[in-house]
Amino acid sequence: MELKDTVNGMLSEDFMQRFCAEYWQVLIRREKLSKMINAYANGKLPFEPKCSMHILIAQCAAMDAYLAILAERAEIEGIDLYTGRKEE
């Protein structure tokens with residue numbers, strides 16, 4: 001899945017669809033940030049970030065925490081993060 005695949009969910013009138021789109025957007029961004037951190041650590045990043053590795057790692061950790069909160073909330077509310085529908 002790519003960010004562009006989440007646009008319809010973000011524009012949906014259904015809060016469960018928007019919720020799932022938000023989850024997937026954060027997950028996609030977190031995965032890309034993780035790849036960037038790994039490339040930076042291995043000297044393979046095609047540019048030099050102005051911020052430190054520490055800041056990037058802290059951002060990734062915050063995204064992990066937010067994803068965990070969204071997943072817990074989805075479980076509590078019975079939302080299937082794959083379909084955006086109530087779990088039965």
Side-chain angles (χ1 to χ4, degrees):
M1 182 178 297
E2 297 179 34
L3 282 174
K4 66 181 180 178
D5 301 324
T6 66
V7 172
N8 288 339
M10 288 303 294
L11 299 175
S12 175
E13 294 292 323
D14 182 346
F15 89 91
M16 288 185 282
Q17 294 289 321
R18 289 192 312 273
F19 183 91
C20 289
E22 180 176 355
Y23 175 85
W24 286 102
Q25 285 183 359
V26 175
L27 183 63
I28 291 164
R29 287 184 169 106
R30 189 259 181 236
E31 289 173 356
K32 289 182 179 193
L33 178 59
S34 181
K35 287 179 183 179
M36 181 184 143
I37 291 168
N38 287 331
Y40 191 13
N42 293 315
K44 295 185 178 183
L45 200 57
F47 65 95
E48 181 74 25
K50 291 183 181 180
C51 64
S52 69
M53 179 73 81
H54 173 76
I55 293 292
L56 296 172
I57 292 170
Q59 179 184 352
C60 199
M63 293 170 97
D64 285 340
Y66 187 49
L67 285 166
I69 291 166
L70 289 174
E72 183 176 358
R73 182 174 165 211
E75 185 176 333
I76 291 167
E77 296 187 16
I79 299 171
D80 182 327
L81 289 171
Y82 292 92
T83 66
R85 305 259 183 256
K86 275 283 192 193
E87 293 178 332
E88 297 186 28

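Heavy atoms only: backbone and side chains are in, while hydrogens, waters and symmetry mates are out. In this text the structure is predicted, and so the values were computed from the model without any measurement. Counting begins at 1 with the first residue of the sequence.
Note that CE of Met63 is 7.0 Å distant from CG of Leu67, once rounded to the nearest 0.5 Å. Between the CG atom of Leu33 and the CD atom of Gln59 there is a distance of 4.5 Å, given to the nearest 0.5 Å. Rounded to the nearest 0.5 angstrom, Lys50 NZ and Ile55 CD1 are separated by 15.0 Å. One finds the OG1 atom of Thr6 at 10.5 Å from the CD atom of Glu22 (value rounded to the nearest 0.5 Å). The distance from the CD1 atom of Ile57 to the NE2 atom of His54 is 8.5 Å, given to the nearest 0.5 Å.
For the residue pair Ala21 and Gly9, the shortest heavy atom distance occurs at CB-C, 3.7 Å. Closest non-hydrogen pair, Leu3 versus Ile28, comes out as N-CD1, 3.8 Å.
At least one side-chain heavy atom of Trp24 sits under 4.5 Å from a side-chain heavy atom of Tyr82. Residues Phe19 and Asp14 form no side-chain contact, since every pair of their non-hydrogen atoms from C-beta on lies 4.5 Å or further apart. Looking at Met36 and Pro49, their side chains come closer than 4.5 Å, going by heavy atoms from C-beta outward. Residues Ile79 and Phe15 meet the side-chain proximity criterion, which asks for heavy atoms closer than 4.5 Å.
Distance alone, capped at 3.5 Å, is enough to place a donor-acceptor pair between the Arg18 side chain and the Glu13 backbone. With Asn38 contributing its side chain and Lys35 its backbone, the two residues share no donor-acceptor pair below 3.5 Å.
The list of salt bridge (charged side-chain N to carboxylate O under 4.0 Å, His left out) pairs with a residue in residues 57-66, not counting sequence neighbours, reads Arg30-Asp64.
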